[in-house]
K.L.:
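Sharing a structure here in C-alpha cells format.
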Amino acid sequence: WVIAVFQYLPLGLIISARLVSALAGLATALILAKISSQINGKNTYWIAFAVITILPFTLFYDRVALFESLTLMWMAWSLIMPVLAVPLGILTKQTTWLVLPLAAVYHFKDKRKVAVMVLAAFLLPITIWVLALGWDDFYQMIFVKTSAPLSLAANFKGNIFRVKLWFLAYLTWPIIVTAVLGSVGEFVKTIRSKTISPLFWICVWSVFIILLESATARIFYPRY
C-alpha cells in the first residue's frame, strides 16, 4: 500500500518500489539509533546507526521491493510510537504481530497507551481488511484458508540450526557475539540491581521469538 502511493512518482515502477525500502531502512537506522542512545547513552547513537546500516540483512532488504524493510521500520517505531506503528506494521505484514507483546511490556508504565495500542492493533487492520475484502472473504482468509494448528510437528532441532545459519549470513559473527555478551551482561545487571530495564525485555523477547518460531515453523524456517 505504501509502494502503491510511490508509484505516482515519475521514477519508474522498480525504482519507485525500491525507494520505499531504502527510505524505510534509513528510518529504521535512525529510530534504532535513537532507542540505543536513550537506553545506552548518547555516545552509542552513531555506532548503532552504523551497525544497522551495514548489516547484510538491512544491506540487502533495503534495496529490494519487498515487505521486510517497511515491516522492520514499523517494529522499531513501535518502541517509540506504538499506537500508530503497530497497526500500520500489521497492515504491511502480519509478522508485526510478533512485536505487539514487546511493545506492551516496553510501554507498560503507560497503561492507557498500551490499551489504545492493543485496540488499534486489532481494530484498524480488521476494519480495513473487511472494507477491502468484504466479510465473507475476510472470514475465509483469517479463519479458514490460513488456519493451521500449532500442534503440528515441527523440526525444532533443524529449525534452530537454520536460525544459526540465518544469523551467520545476515547478522555476522561479530554482531552475534556482541549481542550474546550484551544480553548476558544485561541479565547479570538485572539480577544485581533487581530492576528490569527496557534493554533486558528486548533481549528476553528476542530469545523467546527464536524458540517460539523454531518450535512452530513447519514449512519455512523461522528467519523472523
Side-chain angles (χ1 to χ4, degrees), residues 1-9 11-33 35 49 51-103 117 120-133 137-138 140-143 145-148 159 162-163 165-167 169-171 175 202 205-206 208-210 212-214 216-224:
W1 53 277
V2 177
I3 288 178
V5 174
F6 271 64
Q7 293 304 309
Y8 288 99
L9 297 175
L11 300 174
L13 298 179
I14 299 300
I15 294 178
S16 297
R18 288 183 174 183
L19 181 60
V20 175
S21 295
L23 293 177
L26 176 61
T28 300
L30 293 171
I31 293 166
L32 292 179
I35 293 172
F49 180 86
V51 168
I52 195 67
T53 302
I54 65 175
L55 285 180
F57 180 87
T58 46
L59 199 64
F60 172 74
Y61 278 112
D62 290 354
R63 285 154 180 79
V64 295
L66 292 174
F67 295 99
E68 272 68 20
S69 294
L70 202 58
T71 305
L72 184 60
M73 184 193 77
W74 295 127
M75 285 183 164
W77 201 1
S78 71
L79 300 183
I80 297 178
M81 298 182 64
V83 174
L84 181 64
V86 173
L88 289 178
I90 293 169
L91 284 170
T92 302
K93 191 173 185 179
Q94 295 212 43
T95 310
T96 308
W97 283 111
L98 295 176
V99 86
L100 178 61
L102 174 61
M117 175 194 69
F122 282 93
L123 294 181
L124 182 60
I126 288 175
T127 299
I128 292 178
W129 288 334
V130 171
L131 289 174
L133 299 172
D137 287 342
F138 168 76
Q140 289 288 323
M141 179 184 73
I142 297 297
F143 297 106
K145 294 181 180 179
T146 60
S147 62
N159 282 343
R162 292 184 179 97
V163 169
L165 295 179
W166 181 267
F167 280 179
Y170 269 9
L171 298 183
I175 301 302
I202 293 173
W205 187 248
S206 300
F208 173 73
I209 289 298
I210 293 171
L212 174 67
E213 289 285 349
S214 297
T216 59
R218 297 173 301 277
I219 300 174
F220 302 107
Y221 55 89
R223 65 182 181 272
Y224 302 112

K.L.:
For Phe60, what residues pass the ring-ring contact (aromatic ring centres under 6.0 Å, His included) criterion, not counting sequence neighbours?
P.N.:
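ring-ring contact (aromatic ring centres under 6.0 Å, His included) list for Phe60, sorted by chain: empty.
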K.L.:
Sort out for me which residue in Leu124, Ile126, Leu123 forms a side-chain contact (heavy atoms from CB on, under 4.5 Å) with Pro87.
P.N.:
Leu124
K.L.:
To the nearest 0.5 Å, tell me how far Glu68 CD sits from Met75 CE.
P.N.:
10.0 Å
K.L.:
Does any non-hydrogen side-chain atom of Leu102 lie less than 4.5 Å from one of Leu79?
P.N.:
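They are in contact (side-chain heavy atoms under 4.5 Å apart), so the answer is yes.
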K.L.:
Please identify each residue that fulfils side chain to side chain contact (heavy atoms under 4.5 Å, CB included) with Leu55, with sequence neighbours left out.
P.N.:
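Leu55: side chain to side chain contact (heavy atoms under 4.5 Å, CB included) contacts with Val51, Ile52, Thr58, Leu171, Ile175.
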K.L.:
Provide the full list of side chain to side chain donor-acceptor pair (under 3.5 Å) pairs with a residue in residues 70-82, sequence neighbours left out, each pair given once.
P.N.:
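Only Trp74-Thr92 qualify under side chain to side chain donor-acceptor pair (under 3.5 Å).
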K.L.:
If you count the non-hydrogen atoms of other residues, nucleotides and ligands that lie under 6.0 Å from CD1 in Ile14, is the total more than 12?
P.N.:
no
K.L.:
So, for Val99 and Trp205, which heavy atoms are closest and what is the spacing to 0.1 Å?
P.N.:
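So the minimum-distance heavy-atom pair works out to CA-NE1, 4.4 Å.
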K.L.:
Return all side-chain donor-acceptor pairs below 3.5 angstrom for residues 19-32, not counting sequence neighbours, or 'none' if the list is empty.
P.N.:
| residue | atom | partner | partner atom | Å |
| --- | --- | --- | --- | --- |
| Ser21 | OG | Val64 | O | 2.4 |
| Thr28 | OG1 | Ala24 | O | 2.9 |
| Thr28 | OG1 | Met73 | N | 3.4 |

K.L.:
For Leu98 and Glu213, work out which heavy atoms get closest and say how close.
P.N.:
CD1-OE2, 3.6 Å
K.L.:
Do Val163 and Ser214 have side chains that approach each other closer than 4.5 Å (heavy atoms only, starting at C-beta)?
P.N.:
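Result yes, sub-4.5 Å side-chain heavy-atom pair found.
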K.L.:
Using the test side chain to side chain contact (heavy atoms under 4.5 Å, CB included), find all partners of Pro56 that sit at least two apart in sequence or belong to another chain.
P.N.:
Tyr170, Thr172
K.L.:
How many angstroms lie between CG in Leu70 and CD1 in Ile3, if you round to the nearest 0.5 Å?
P.N.:
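Separation between the atoms: 8.0 Å.
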K.L.:
To the nearest 0.5 Å, how far apart are CD1 in Ile202 and CD1 in Ile35?
P.N.:
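It is 6.5 Å, given to the nearest 0.5 Å.
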K.L.:
Does any non-hydrogen side-chain atom of Leu72 lie less than 4.5 Å from one of Phe57?
P.N.:
yes
K.L.:
Determine whether Met117 and Leu100 make a side-chain contact, defined as any pair of heavy atoms from C-beta on separated by less than 4.5 Å.
P.N.:
yes
K.L.:
Show the numbers, then the answer: is there a side-chain contact (heavy atoms from CB on, under 4.5 Å) between Trp129 and Ile90?
P.N.:
CA-CA 11 Å; Trp129 288 334; Ile90 293 169; 3.9 Å; yes
K.L.:
Mind checking the OG-CG spacing from Ser69 to Asp62? Nearest 0.5 Å is all I need.
P.N.:
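Going from OG on Ser69 over to CG on Asp62, the span is 3.5 Å.
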K.L.:
Can you name the ring-ring contact (aromatic ring centres under 6.0 Å, His included) partners of Phe67, sequence neighbours left out?
P.N.:
none
K.L.:
Which heavy atom of Ala121 sits nearest a heavy atom of Val86, and at what distance?
P.N.:
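Looking at all heavy atoms of both residues, the closest pair is CB-CG1, 3.8 Å.
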K.L.:
Suppose we screen for side chain to side chain donor-acceptor pair (under 3.5 Å). Which residues come up paired with Gln7, at least two apart in sequence or across chains?
P.N.:
none
